[in-house]
Q: 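Have a look at the structure that comes next, please.
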Amino acid sequence: MLNKSQIFGPDYNSCPLVSFSLADSLITLRLPSNELKSPSILAPSEIDTTDPEIYTSGGAKGSLKFLILVEHGWFYKLVGSPFNAGTLNFHLKLSEVSLDKEPGDSLLSPAAFDQWLVNLFRDDFAPLDKDKLEELALYEIEPSPEHMWVYPKSKSDFNSFELNNSLWRYGQTGHPSVKPHPFWLATPLSNKHALTLGFSFGGFSLPNGNMIDNYNDLLLSYIKDFLEHFHIQYSPETLAEMEQYK
């Protein structure tokens, strides 16, 4: 069984400090250099979140407005070996939410934020499940959980933790046949903006190709390492509104 003493990743204390100054918050993080062949993205440090031109439309219905702040990837290496243990593709995304399409008056309301997340994942993954069910019916195959996409279908599917005195949700999405499933983390930044972090790991398998027994705990520990160097500073107005929902 592999453990953290056999694998080493980036030294965050020596990584460059990156910041994003938004209208209602300041995000700072230690970001390792991009080591993978996939293109990297690093947005400007000053971002006018009120400018509609900065956002890209996406989502299954094209209703999601987002801006990629970071896309980077790096290696985790085996101690005393020339081989890599695995890789991590990381992304940081800012989303602007149309409140007239969401329940509640503010994303800072946990109930409104949770419902937005449920709707977001449903719009992306429910059509994929529908297509799979139609394919299985065509071949007269009885559907099972192994056929269906993994994603949160209700608020009870979310995991939670606190960071920077704010509430975060997290979980995994993906297809059962492809592991490990990517991890997602999400938190509201203001009454109409949300921040999502994506951690997509590759490798971390045994020589026979099977995943190591403790891979989920191991990968979560690497996310925790990253978050120890990730901070959000909120505006006084946002902090005051956040207190209303505690």
Q: Can you list the residues that meet the side-chain hydrogen bond (donor to acceptor under 3.5 Å, both in side chains) rule with Lys224, with sequence neighbours excluded?
A: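 Result, side-chain hydrogen bond (donor to acceptor under 3.5 Å, both in side chains) vs Lys224: none returned.
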
Q: Find out whether Tyr215 and Phe201 are in side-chain contact, i.e. whether some heavy atom of one side chain is under 4.5 Å from a heavy atom of the other.
A: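 No, side chains not in contact.
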
Q: side-chain contact (heavy atoms from CB on, under 4.5 Å) with Ser235: which residues, sequence neighbours excluded?
A: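 Ser235: side-chain contact (heavy atoms from CB on, under 4.5 Å) contacts with Asp24, Glu237, Thr238.
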
Q: Only counting residues at least two apart or in another chain, list the ones meeting ring pair (Phe, Tyr, Trp, His ring centres under 6.0 Å) with Tyr170.
A: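 Applying ring pair (Phe, Tyr, Trp, His ring centres under 6.0 Å) to Tyr170 gives Phe161.
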
Q: So which atom in Thr173 and which in His181 form the shortest heavy-atom distance, rounded to 0.1 Å?
A: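 Looking at all heavy atoms of both residues, the closest pair is O-CB, 3.4 Å.
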
Q: Under 4.5 Å between side-chain heavy atoms, counting indirect links through other Ile/Leu/Val/Met/Phe/Trp/Tyr residues: same cluster for Leu78 and Leu36 or not?
A: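 The answer is no; the residues belong to distinct hydrophobic clusters.
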
Q: Please round to the nearest 0.5 Å and tell me the distance separating atom CG of Leu64 and atom CG of Asn119.
A: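 Between Leu64 CG and Asn119 CG, I get 11.5 Å after rounding to 0.5 Å.
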
Q: Between Phe90 and Phe226, is the ring centre distance below 6.0 Å?
A: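 Yes; Phe226 has its ring centre under 6.0 Å from that of Phe90.
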
Q: Going by side-chain hydrogen bond (donor to acceptor under 3.5 Å, both in side chains), name the residues that satisfy it together with Lys246, two or more places apart in sequence or in a different chain.
A: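 side-chain hydrogen bond (donor to acceptor under 3.5 Å, both in side chains) list for Lys246, sorted by chain: Glu243.
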
Q: Is there a side-chain contact between Trp116 and Pro188, using heavy atoms and a 4.5 Å cut-off?
A: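 No, side chains not in contact.
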
Q: Applying side-chain contact (heavy atoms from CB on, under 4.5 Å) to Leu219 and Phe199, what does each step give before you reach the verdict?
A: CA-CA 9 Å; Leu219 303 187; Phe199 297 84; over 6 Å; no

Q: Kindly indicate whether the side chain of Ile27, heavy atoms from C-beta on, has any atom under 4.5 Å from the side chain of Phe230.
A: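 Of all side-chain heavy-atom pairs linking Phe230 with Ile27, at least one is under 4.5 Å.
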
Q: When rounded to the nearest 0.5 angstrom, what is the spacing between CZ in Phe75 and CG in Leu88?
A: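 If we round to the nearest 0.5 Å, Phe75:CZ and Leu88:CG are 11.5 Å apart.
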
Q: Go through the steps for Glu71 and Ser40 under the test side-chain contact (heavy atoms from CB on, under 4.5 Å), then give the verdict.
A: CA-CA 5 Å; Glu71 276 193 2; Ser40 64; 5.7 Å; no

Q: So, taking the atom named CG in Leu67 and the one named OH in Tyr55, what distance separates them when rounded to the nearest 0.5 Å?
A: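 Separation between the atoms: 7.0 Å.
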
Q: Do any pairs count as a side-chain hydrogen bond (donor to acceptor under 3.5 Å, both in side chains) and have a residue in residues 27-36, sequence neighbours left out, and if so which ones?
A: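 Listed by first then second residue: nothing to list.
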
Q: So, taking the atom named CG in Leu69 and the one named CG in Leu195, what distance separates them when rounded to the nearest 0.5 Å?
A: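 Rounded to the nearest 0.5 Å, the CG-CG separation comes out at 6.5 Å.
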
Q: Ser166 versus Tyr234: any side-chain heavy-atom pair under 4.5 Å?
A: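 Heavy-atom side-chain distance check passes, below 4.5 Å.
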
Q: Can I get a per-line list of side-chain donor-acceptor pairs under 3.5 Å for residues 147-154, giving both atom names and the distance, sequence neighbours left out?
A:
from: His147; atom 1: ND1; to: Ser144; atom 2: N; distance (Å): 3.0
from: His147; atom 1: ND1; to: Ser144; atom 2: OG; distance (Å): 3.3
from: Lys153; atom 1: NZ; to: Tyr151; atom 2: O; distance (Å): 3.3
from: Ser154; atom 1: OG; to: Ser156; atom 2: OG; distance (Å): 2.8

Q: Could you tell me which residues satisfy side-chain hydrogen bond (donor to acceptor under 3.5 Å, both in side chains) with Tyr12, sequence neighbours excluded, listed by chain and number?
A: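 With neighbours one apart ignored, the set is empty.
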
Q: Asp225: what forms a side-chain hydrogen bond (donor to acceptor under 3.5 Å, both in side chains) with it, not counting sequence neighbours?
A: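 Here the qualifying residues are Lys4.
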
Q: Throw together a table of side-chain donor-acceptor distances under 3.5 angstrom for residues 80-87, partners on residues two or more places apart or in other chains.
A:
from: Ser81; atom 1: OG; to: Phe83; atom 2: N; distance (Å): 3.1
from: Asn84; atom 1: OD1; to: Lys77; atom 2: NZ; distance (Å): 3.3

Q: Got a sec, which residues hit side-chain contact (heavy atoms from CB on, under 4.5 Å) with Ser25, two or more places apart in sequence or on another chain?
A: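 Per chain and number, Ser25 pairs via side-chain contact (heavy atoms from CB on, under 4.5 Å) with Leu22, Leu189, Ile232.
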
Q: Step by step, would you call Ile54 with Asp48 a side-chain contact (heavy atoms from CB on, under 4.5 Å)?
A: CA-CA 8 Å; Ile54 70 171; Asp48 180 8; 5.7 Å; no

Q: When you compare the side chain of Leu31 with that of Leu42, does any pair of heavy atoms fall below 4.5 Å?
A: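 With C-beta onward as the side chain, the pair touches.
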
Q: As a test of understanding, state which of Gln244, Glu241, Lys192 forms a side chain to side chain donor-acceptor pair (under 3.5 Å) with Ser106.
A: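 One option only clears the test, and that one is Glu241.
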
Q: Are Ser21 and Leu26 packed together at the side-chain level, in the sense that at least one heavy-atom pair is separated by less than 4.5 angstrom?
A: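 Side chain of Ser21 against side chain of Leu26, heavy atoms only: contact under 4.5 Å found.
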
Q: Working to the nearest 0.5 Å, report the span between CG of Leu107 and CZ of Phe113.
A: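 These two atoms lie 7.0 Å from each other.
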
Q: What I'd like to find out is whether the side chain of Trp184 reaches to under 4.5 Å of the side chain of Leu117, using heavy atoms alone.
A: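 Trp184 reaches Leu117 side chain to side chain.
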
Q: For the residue pair Pro10 and Cys15, what are the closest heavy atoms and their distance?
A: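 Looking at all heavy atoms of both residues, the shortest contact is CB-SG, 4.4 Å.
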
Q: With hydrophobic residues grouped by side-chain heavy-atom distances under 4.5 Å, do Phe183 and Leu167 end up in a single group?
A: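 No, Phe183 and Leu167 fall in different hydrophobic clusters.
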
Q: To the nearest 0.5 angstrom, please state how far the OH atom of Tyr222 sits from the CG atom of Asp217.
A: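 Rounded to the nearest 0.5 Å, the OH-CG separation comes to 12.0 Å.
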
Q: Could you go through Leu94 and His193, starting from their C-alpha distance and side-chain angles, then the distance that decides it, and tell me whether this counts as side-chain contact (heavy atoms from CB on, under 4.5 Å)?
A: CA-CA 7 Å; Leu94 173 71; His193 291 96; 4.1 Å; yes

Q: Applying the 4.5 Å side-chain criterion to the ILVMFWY set and letting contacts propagate, would Phe8 and Phe204 be lumped into a single cluster?
A: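 Cluster IDs for Phe8 and Phe204 differ.
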
Q: Do Thr56 and Lys65 have a side chain donor and acceptor closer than 3.5 Å?
A: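 No donor-acceptor contact under 3.5 Å links the two side chains.
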
Q: Under 6.0 Å from the CG atom of Asn165, do we count more than 12 heavy atoms belonging to anything else shown?
A: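 For Asn165, atom CG is not crowded (no more than 12 foreign heavy atoms under 6.0 Å).
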
Q: Return the set of residues passing side-chain contact (heavy atoms from CB on, under 4.5 Å) with Val118 (not counting sequence neighbours), or none when no residue passes.
A: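 Listed in chain order: Gln115, Lys155, Phe158.
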
Q: Tell me the closest heavy-atom pair linking Glu134 and Lys130, and the distance in Å.
A: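 Heavy atoms of Glu134 and Lys130 come nearest at OE2-NZ, 2.7 Å.
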
Q: Flag the pair Ile223 / Leu185 as yes when at least one side-chain heavy-atom distance between them is below 4.5 Å, and no otherwise.
A: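 Contact flag for Ile223/Leu185 side chains = yes.
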
Q: Among residues at least two apart in sequence or on other chains, which ones pass side-chain contact (heavy atoms from CB on, under 4.5 Å) with Asn13?
A: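 For Asn13 the side-chain contact (heavy atoms from CB on, under 4.5 Å) partners, ignoring immediate neighbours, are Asp11, His229.
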
Q: Ala43 and Ile68: which non-hydrogen atoms are nearest, and at how many Å?
A: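 Closest pair (atom of Ala43, atom of Ile68, distance): CB-O, 3.8 Å.
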
